[in-house]
Amino acid sequence: MKDHTVAVDTATQPAGLTFAPNFNVAESFIDRHIAEGRGDKLAIRTADGDVTYATLADSVNRAGNALLGLGVAPGDRVLMMVKDCPAFFYVFWGAIKAGIVPVPINTLLRAKDYAFMIGDSGCAGLVYSPEFAAEVEPALERASRRPGVVLRTEGTEGCLAERMAAASATLATAPATATGDCFWLYSSGTTGTPKGAVHSHRDMVVTGQHYAVDVLGMREDDVCFSAAKLFFAYGLGNGMTFPLWVGATAVLWAGPPTPQTTFDTMERFKPTLYFGVPTLYAAQLQALEKETRDLGSIRYCVSAGEALPADIFRRWKDKVGAEILDGIGSTEALHIFISNRPGDIKPGTSGRVVPGYDARILDGDGNEVAPGESGQLMIRGGSTAKYYWNNPEKTAATMVGDWLNTGDTYIKDEDGYFHYCGRNDDMLKVGGIWCSPFEIEAKLVEHPKVLEAAIVGRADDDTLIKPEAWIVLKDGDDADEAALAQDLLRHCKEGLAKYKYPRWINFVEELPKTATGKIQRFKLRH
Ligand code: 3UK
């Protein structure tokens, strides 16, 4: 896997990986497969047809030439509002090979968000799937500036597909370095304005080797299906860069990920690795109570984005037979840096540190805490973003020397497993003791009637903070709410430290979430 790189003697390289002085990552992820004889192998499978590695390499060159031909220059940014389809691969890798910086954008956002990103990024180009025209086109009108090149992927005169067909299928690789700017991802977190995290050429190599290969044991004969979309750093790895790192096959589904669509896709394409998020695993389990599906092709499942409750891990294992490996990653780190792994799972935890990364947990004074104590999680590794575009304050607060401040509160136990407690600003102090909203939520979802739960702090009559619960019930449960609330209290008091039970319980239809499925607890505070 590493013989396409040239060893260089420098202390700044990530553990175990070396890069040639001139290193453009498109060669490792695209062109290498042709050189290694994988041209006829399927790189991508979709409901609309398959793409071989040879067609992928050819299309990447055509897309790069199409962008250059329109006047996008090396170093320029190109925003991508592109659905999960082969064109996503072509634009992303074609840009990188040509020295252009692709910026995949969340396709669930609105015109106001896109207008901000068009202005903030100073992009020279924007490529979008026709499905998103209703938000992208008004954004172009509203933005403070208009990119010189605006292209639909398909369906109109002058679209990308048409320009690719007319473009040359050979493209010289632009010179680049392992630590040079390669692509950006906007991180919005659960609050605040989006920040462009700038990633380097080496970052996808580091996540591919240290997480996909070293932790998951991903191999050439794997078939990867990610319910999380490619615009999300999690999906970008699962559904594109990991399979391309090992020469495996990616399955893409362009529509919304529901239990029905994900099951249909799995039955049709038989993935060996499946990547989901906790909310979807919960909804899939609920669907499996009413129907039987053939998910027997799966070797391992992965969960990230938010913590996976132990109860969902157990129920999935009972029902589907596969284990879910929970791991924490972030846009800034590019992918997962603490994870459970095959043969080494502690349900309800994020697992242990991934090879190539270091983690430490700090108290308010910046000192490392003892095992069993909570603090702020900092991580270090070869895939972390160098800086936020145009945002020196946020860069200084988040990228501290080599270390990345994750914004999460964690406890490391005696055995080295990391227990998630919540975002730093979601932690509650109840009776003077730090209390993790996640711990109470995990207890609530163990109850057979509860689908999802969120805990926030609320001041009681004495202005003291106590936990308040917001609960979504499983479908068709029209239980007597007062009786159910009593039962939930009993359930919490039995299983949690005394001060942790919710003092208020609200039943709601759904919880406020970000487009990537994270609960926005701040919206539930009074
Ligand atoms: C939270 C988790 C508990 C945590 C991501 C895998 O989620 C990803 O990136 P984002 O930038 O959010 C990062 C934040 O999400 N989180 C993620 N995973 C877990 N909390 N347990 C988990 N397993 O607050 C983190 O700081 O959207 C996930 C790979 C790549 C990613 N970008």
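The model shown is predicted, which means the values in this text are computed figures rather than measured ones. Atoms within a ligand are numbered from 1 in the order they appear, just like the ligands themselves. No hydrogens, no waters, no symmetry mates; every other heavy atom, side chains included, goes into these values.
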TODO: Heavy-atom distances under 4.0 Å are what count here, so tell me which part of Ser330 touches ligand 1: side chain, backbone, both or neither.
DONE: both

Task: N or O pair under 3.5 Å between His335 and ligand 1 - done: no

Open item on the list: Nearest 0.5 Å, please: how far is CZ in Phe23 from NE2 in His201?
Closed with: 8.5 Å

- [ ] Measure Tyr234 to ligand 1 on non-hydrogen atoms and call it side chain, backbone, both or neither using the 4.0 Å cut-off.
- [x] both

Open item on the list: Checking contacts here: is it the side chain or the backbone of Asp408 that comes within 4.0 Å of ligand 1, counting heavy atoms only? Could be both or neither.
Closed with: side chain

Open item on the list: What I want to know is whether Ala307 and ligand 1 share at least one N or O pair that is separated by under 3.5 angstrom.
Closed with: yes

Open item on the list: Assess, by modelled atom type and distance only, whether the side chains of Tyr186 and Asp120 contain a donor and an acceptor separated by less than 3.5 Å.
Closed with: yes

Open item on the list: Would Glu332 count as a polar contact of ligand 1, with the cut-off being nitrogen or oxygen pairs under 3.5 Å?
Closed with: no

Task: Distance filter under 4.0 Å to Ile336 heavy atoms, resulting ligand 1 atoms - done: 6 (C), 29 (C)

Task: Proximity of Phe337 and His210 rings by center, below 6.0 Å - done: no

Task: ligand 1 atoms in contact with Asp326 (distance to a heavy atom under 4.0 Å) - done: 22 (C), 23 (N)

Task: Nitrogen or oxygen of Ser303 less than 3.5 angstrom from that of ligand 1 - done: no

Open item on the list: With respect to Gly305, determine whether any N or O atom, backbone or side chain, lies less than 3.5 Å from an N or O atom of ligand 1.
Closed with: yes

- [ ] State whether the side chain of Arg77 and the backbone N or O of Pro102 hold a donor-acceptor pair below 3.5 Å, judged by distance alone.
- [x] no

Task: Non-neighbouring partners of Asp214 that pass salt bridge (charged side-chain N to carboxylate O under 4.0 Å, His left out), sequence neighbours left out - done: none

Open item on the list: Please confirm whether Gly327 approaches ligand 1 to less than 4.0 Å, judged on its heavy atoms.
Closed with: yes

Task: Between Thr262 and Gln284, a side-chain donor and acceptor under 3.5 Å - done: yes

Open item on the list: Just checking Tyr420 against Tyr410, ring centres under 6.0 Å apart?
Closed with: yes

Open item on the list: Can you tell me if Phe232 contacts ligand 1 (heavy atom of the residue under 4.0 Å from the ligand)?
Closed with: yes

TODO: Would you mind running through ligand 1 and noting each atom that sits below 4.0 Å from a heavy atom of Thr331?
DONE: 9 (O), 10 (P), 11 (O), 27 (O), 32 (N)

- [ ] List every atom of ligand 1 that sits less than 4.0 Å from any heavy atom of Leu334, numbering the atoms from 1 in the order shown and giving each element.
- [x] 30 (C)

Open item on the list: So for ligand 1, is Arg423 a polar contact partner (N or O within less than 3.5 Å, distance only)?
Closed with: yes

TODO: Could you list the atoms of ligand 1 found under 4.0 angstrom from a heavy atom of Thr406?
DONE: 26 (O)

Task: Arg202 backbone acceptor or donor facing Ser200 side chain under 3.5 Å - done: no

Open item on the list: Less than 3.5 Å apart, any donor N or O on the side chain of Thr272 or Asp222 sitting next to an acceptor on the other?
Closed with: yes

Open item on the list: Just checking Phe275 against Phe232, ring centres under 6.0 Å apart?
Closed with: no

